[in-house]
Structures are given as structure tokens and as C-alpha cells.
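Each remark here refers to the structure printed beneath this line.
Heads up: numbering here begins at 1 and tracks the sequence.
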Amino acid sequence: MACSRSQTGDRRSAALPDTPTLREAWVTGLVAAPWYGIMGPGNMPSPITEKLNKEISAVLRRPDVAARMQEMGLVATPMSLAEARVWGDAPRKSNATVD
């Protein structure tokens, strides 16, 4: 029995360039790519949050860091604080729960 493989992101991974996305393979309308973030206390002062976001984003944009992440199959995609808040609001707005 042959094993079919695919990846769930919206584009092929540099770590698996010969592995098609689900869209390429057979499923349309599904993109499920993981993302990682650094969280802090909800009452963290804005100047500290902004400074951390700026510094972490700068590190993620460094060519050596991006290259190392790519070797691990990851793509650094720094987000603004507004973009990160959208992701934080999504579970609350959807009324999602942990089973």
C-alpha cells in the first residue's frame, strides 16, 4: 500500500520541497499552518511589549536566524502587535473551548 504525503501550509516547505500541499494534492480551502509566539502577562506595559516585539522581530529577520529556522523546516514570519492580537482574539470570538 502506497503512503500519500502532503503538508497543510499554503506553500511547500523548504524542508520538504517535493511534498505537495493539501491544495495541490486534493483538498481546497484548507490551510492549517502552525505558528509560534512569545507570550507575556496580560498587564505588561505597552512600552515593554512594543520593545520586545521590535527586538524579537529584528532577530527573526537576521539572515543567520532565518537560515537556521529554514533548516528546521520553519519560516520566520514576524508579526506586528496588531496582527498578533487578531490571533489572540480569534479563540475568544469563536467561543472555542478545550475538551
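The side-chain contact (heavy atoms from CB on, under 4.5 Å) test applied to Pro45 returns Pro47, Ile48, not counting sequence neighbours. Taking Arg12 as the reference, Glu24 meet the side chain to side chain donor-acceptor pair (under 3.5 Å) condition, with sequence neighbours excluded. For the side-chain contact (heavy atoms from CB on, under 4.5 Å) test, no residue two or more places apart in sequence or in another chain qualifies with Pro63. The salt bridge (charged side-chain N to carboxylate O under 4.0 Å, His left out) test applied to Lys54 returns no partner, not counting sequence neighbours. For Ser80, the side chain to side chain donor-acceptor pair (under 3.5 Å) test picks out Glu83, with sequence neighbours left out. Here Asp18 pairs with nothing under the salt bridge (charged side-chain N to carboxylate O under 4.0 Å, His left out) rule; sequence neighbours left out.
Note on Tyr36 and Met39: separate hydrophobic clusters, where clusters join Ile, Leu, Val, Met, Phe, Trp and Tyr whose side-chain heavy atoms are under 4.5 Å apart, directly or indirectly.
Side-chain N or O atoms of Asn53 include one that pairs as donor or acceptor with a backbone N or O of Met79 at under 3.5 Å.
Remark: Thr77 OG1 to Arg61 CZ distance equals 10.0 Å, nearest 0.5 Å. Here Ile38 contributes atom CD1 and Thr49 contributes atom OG1; the two are 12.0 Å apart, rounded to the nearest 0.5 Å. To the nearest 0.5 angstrom, Leu81 atom CG is 8.0 Å from Ser57 atom OG.
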